[in-house]
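Here the structure is laid out as structure tokens; the discussion comes afterwards.
Worth knowing before you read on, the calculation uses all heavy atoms, side chains too, and leaves out hydrogens, waters and symmetry mates. Everything numeric here is computed off the predicted structure, so don't read it as measured data.
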Amino acid sequence: MEYLLEAEDYQSLLLFAYIESSPTNAVSVKMIEDKFDLTYFKVNRLMGDLIQDLEKLDLDQYFYIEKENGEYHYRKNGLDSIKRLLWVYCRRSLSFSLIDFMLKHPGATIEEFSDEAYISLTKAYKVRKSVRTFLKEYQIKGFDTKNAHDEFRLRLVLTQLYYHAFKDYELPFEQVKIQRADYLVELIGKQGIIATMTDAKRVFLTFYCLIASTRIQQGFEFNVEPAWQAKLGEYQSQIEQVQAQWPKGMLPIKSDEIAYLCQLLNILGWEKAPHQNVDLLPADFKKRVLAILQSSFRKHQEPVQLNLTDSPILGKLWKLCQRYYYDDNIVLDGFFSTNLSVFEENYYELYQGCLRFIDTLEEEQLLKKVKNHKTFIMELVMIALNNLDFKALVPSITVTVNFSLGMSYNRFIESNLRALPFNNIQINNQYSEETDIYLSDVLSRHVQSDYIIWNSPPNAIDWEVFGNLVARIKEAKRCD
């Protein structure tokens, strides 16, 4: 998806993501130079353009960047995110404009787009070349589809593109089509076909319905493929209910259009139980994936045997894999600009295990285009975090808590330590050779381990010092 953005807008987006992820909300010019391999002048020009964008586009009400003493300082009010900046950059992308033009003006020429976009014909040809390269990545030869499979693939890719670009900021379609799409999505929700209609799902399905109705009006209407015909029977009563409640004034709706929507829900794993899933994953695929999963997570360089018996991780993993397995992965990476360093820093062992798992999947061609796919990486990390005992992978750190105020104060400190989410911390009140960190308000002459002295209840800075020490000890234990 990033390839559709103008080159400098893409760089600005990455710079914004980098600054936003800084724990101090400030980065020096030198840090940006080293991170992105840019010259001093290029950094300052790009940052200047980014600051101007935020001001000109009224985005500085959400984010504010200023330069002070060779550093760029960032502030935000938490009312929006980088997605708003992505929306703005997509709206002014010539490549995205051409895709939108092709969708809404079938049969239009490149000369007509050149006039519409107020660009030279030479520039228009360059834009068309980049769009063709993008579409080729998803096995799309053009908008003049000849069969149901190619048409559904085109609709699915376009849906993701519009969803990631516009979210709920804007629906760039005619109002009559928006009303039709909203009505269909509402009916689907009421018929109990979808498990849970979240806002994100609603927006995604709305864009799908908008694109589908646009294509149907243009004559690109196909019967559902035989492999999915069972959906027509499975949802016959719901399909009849939708058709019965369909307003006469709207573009008529056929059973195949609803069946396509059910097919989409199946691939995404959004269907409500007990509807059957069309299992796209072969048995030998699942067997090999399980073997790779068991060998990917390690502690002290040795594989950790995962206890997957009765674990919900497998069902979630198969749902995830099915989406990326379908049609050799036509899932767009909507999180391409996301900084994943928080996983590297706070869940190192689990994150590295996920990366090993992903690398092997791609090396063996079990899944394609997932190695640098940040959406897939994040989804897999979330599944692992919520379903694996990741602390079993993390080196254990023993903390001795021994304050002169006595056991009540010790318990107060211990409760805060147990609330820390990232570490495998063992707590006791008696110093020994196993102690890694000694926490107290009095330093004993017998203490040989690392220690921290807190004479007052710890504040944010004290916890930052503690966290840095834990990180250093964990790194040392990993290297042992």
Side-chain angles (χ1 to χ4, degrees), residues 1-6 86-119 121 123-185 203-222 250-251 253-254 256-257 260-261 263-264 327 330-334:
M1 182 173 170
E2 60 268 32
Y3 304 115
L4 296 179
L5 299 176
E6 303 302 314
L86 176 61
W87 166 53
V88 171
Y89 286 163
C90 284
R91 289 182 79 244
R92 72 187 191 191
S93 158
L94 287 173
S95 294
F96 190 91
S97 295
L98 177 56
I99 290 174
D100 189 63
F101 188 77
M102 293 164 67
L103 171 65
K104 296 171 182 175
H105 302 89
T109 65
I110 193 65
E111 288 80 9
E112 290 173 304
F113 172 71
S114 173
D115 293 339
E116 177 81 11
Y118 300 103
I119 58 175
L121 193 55
K123 178 67 174 176
Y125 277 116
K126 289 182 179 178
V127 173
R128 185 173 70 176
K129 183 179 179 180
S130 69
V131 167
R132 284 177 172 174
T133 300
F134 167 77
L135 294 176
K136 189 178 179 181
E137 278 285 304
Y138 301 96
Q139 303 94 46
I140 296 173
K141 297 177 181 178
F143 282 57
D144 188 18
T145 55
K146 304 299 183 185
N147 57 62
H149 186 85
D150 289 348
E151 175 63 23
F152 184 70
R153 183 197 296 124
L154 174 64
R155 292 182 192 181
L156 186 50
V157 169
L158 291 178
T159 298
Q160 294 176 85
L161 187 58
Y162 278 79
Y163 170 75
H164 290 308
F166 293 103
K167 287 292 191 290
D168 222 4
Y169 297 121
E170 178 184 6
L171 293 173
F173 290 86
E174 301 167 16
Q175 188 59 37
V176 64
K177 289 182 178 176
I178 294 173
Q179 289 175 346
R180 184 182 189 274
D182 285 342
Y183 192 77
L184 178 54
V185 172
V203 174
F204 188 92
L205 293 176
T206 299
F207 274 117
Y208 173 80
C209 293
L210 285 166
I211 289 162
S213 65
T214 299
R215 296 289 293 170
I216 289 169
Q217 275 190 308
Q218 295 166 356
F220 295 97
E221 188 173 7
F222 301 94
M250 285 186 181
L251 176 71
I253 189 163
K254 296 182 180 179
D256 277 332
E257 184 178 353
Y260 269 121
L261 195 51
Q263 177 181 343
L264 174 66
D327 243 10
I330 55 172
V331 180
L332 272 64
D333 189 3

**Report entry** Validation row: Val185, Phe204 side chains within 4.5 angstrom (heavy atoms)
**Finding:** no

Report summary line: In short, Asp327 meets Gln139 closest at the heavy-atom pair O-OE1, 3.2 Å

**Report entry** Test item: Arg128 side-chain N/O and Ile110 main-chain N/O as donor-acceptor pair under 3.5 Å
**Finding:** no

Report task. May I ask you to decide if the ring planes of Phe113 and Phe101 are parallel, tilted or perpendicular, using 30° and 60° as cut-offs? Result -> tilted

Requested in this report: Output yes when a side-chain donor or acceptor of Glu112 lies under 3.5 Å from a complementary backbone atom of Thr109, and no otherwise.
Outcome: yes

Requested in this report: Kindly give the heavy-atom pair with the smallest separation between Arg91 and Glu170, and that separation in Å.
Outcome: NE-OE1, 2.9 Å

Query - Test item: Lys177 and Gln217 side chains (from C-beta on) under 4.5 Å apart, heavy atoms - result: yes

Report summary line: Shortest non-hydrogen pair, Ile330 vs Tyr138, comes out as CA-CD2, 3.6 Å

Query raised in the report: Can you tell if the side chain of Tyr208 reaches within under 4.5 Å of the side chain of Leu184, non-hydrogen atoms only?
Result: no

Query raised in the report: Between the side chains of Asp100 and Tyr162, does any donor sit under 3.5 Å from an acceptor?
Result: yes

**Report entry** Lys104 NZ: over 12 foreign heavy atoms closer than 6.0 Å
**Finding:** yes

Report summary line: Note: Gly142 and Thr145 closest approach over all heavy atoms is O-CG2, 4.2 Å

Requested in this report: First locate atom CD1 of Ile253, then atom CD1 of Ile216, and finally report the distance between them rounded to the nearest 0.5 Å.
Outcome: 7.5 Å

Requested in this report: Quick one: pull up CE in Met250 and OH in Tyr183 and give me the separation to the nearest 0.5 Å.
Outcome: 7.0 Å

**Report entry** Leu264 to Leu205 - nearest heavy-atom pair and separation
**Finding:** CD2-CD2, 3.9 Å

**Report entry** side-chain contact (heavy atoms from CB on, under 4.5 Å) between Phe207 and Leu171, worked out
**Finding:** CA-CA 8 Å; Phe207 274 117; Leu171 293 173; 3.5 Å; yes

Report task. Please test Tyr163 against Ile211 for side-chain contact (heavy atoms from CB on, under 4.5 Å), starting from the C-alpha separation and ending with a verdict. Result -> CA-CA 11 Å; Tyr163 170 75; Ile211 289 162; over 6 Å; no

Query raised in the report: Passes side-chain contact (heavy atoms from CB on, under 4.5 Å), Leu154 versus Phe220? Steps please.
Result: CA-CA 11 Å; Leu154 174 64; Phe220 295 97; over 6 Å; no

**Report entry** side-chain contact (heavy atoms from CB on, under 4.5 Å) between Val88 and Tyr169, worked out
**Finding:** CA-CA 10 Å; Val88 171; Tyr169 297 121; over 6 Å; no

**Report entry** Separation of Phe222 CZ from Arg215 CZ (nearest 0.5 Å)
**Finding:** 8.0 Å

**Report entry** Side-chain (Glu137) to main-chain (Thr133) donor-acceptor, under 3.5 angstrom
**Finding:** no

Query raised in the report: When you measure from the side chain of Ser93 to the backbone N and O of Leu4, does any donor-acceptor pair fall under 3.5 Å?
Result: yes

Query - Ion pair check, Arg180 and Glu257, cut-off under 4.0 Å - result: yes

Query raised in the report: Does any N or O in the side chain of Ser213 come within less than 3.5 Å of the main-chain N or O of Cys209, such that one atom is a donor and the other an acceptor?
Result: yes

Report task. Would you name the heavy atoms of Cys90 and Leu5 that are closest together and state the gap between them? Result -> SG-CD2, 3.9 Å

Query - Spacing of Leu98 atom CG and Arg132 atom CZ [to the nearest 0.5 Å] - result: 9.0 Å

Query raised in the report: Distance-only, no hydrogens or angles: does the Glu111 side chain make a donor-acceptor pair with backbone N or O of Leu121 under 3.5 Å?
Result: no

Query raised in the report: So how far is it from Phe173 CZ to Phe166 CZ, rounded to the nearest 0.5 Å?
Result: 8.0 Å

**Report entry** Rounded distance [0.5 Å steps], CZ in Phe152 versus CZ in Arg155
**Finding:** 8.5 Å

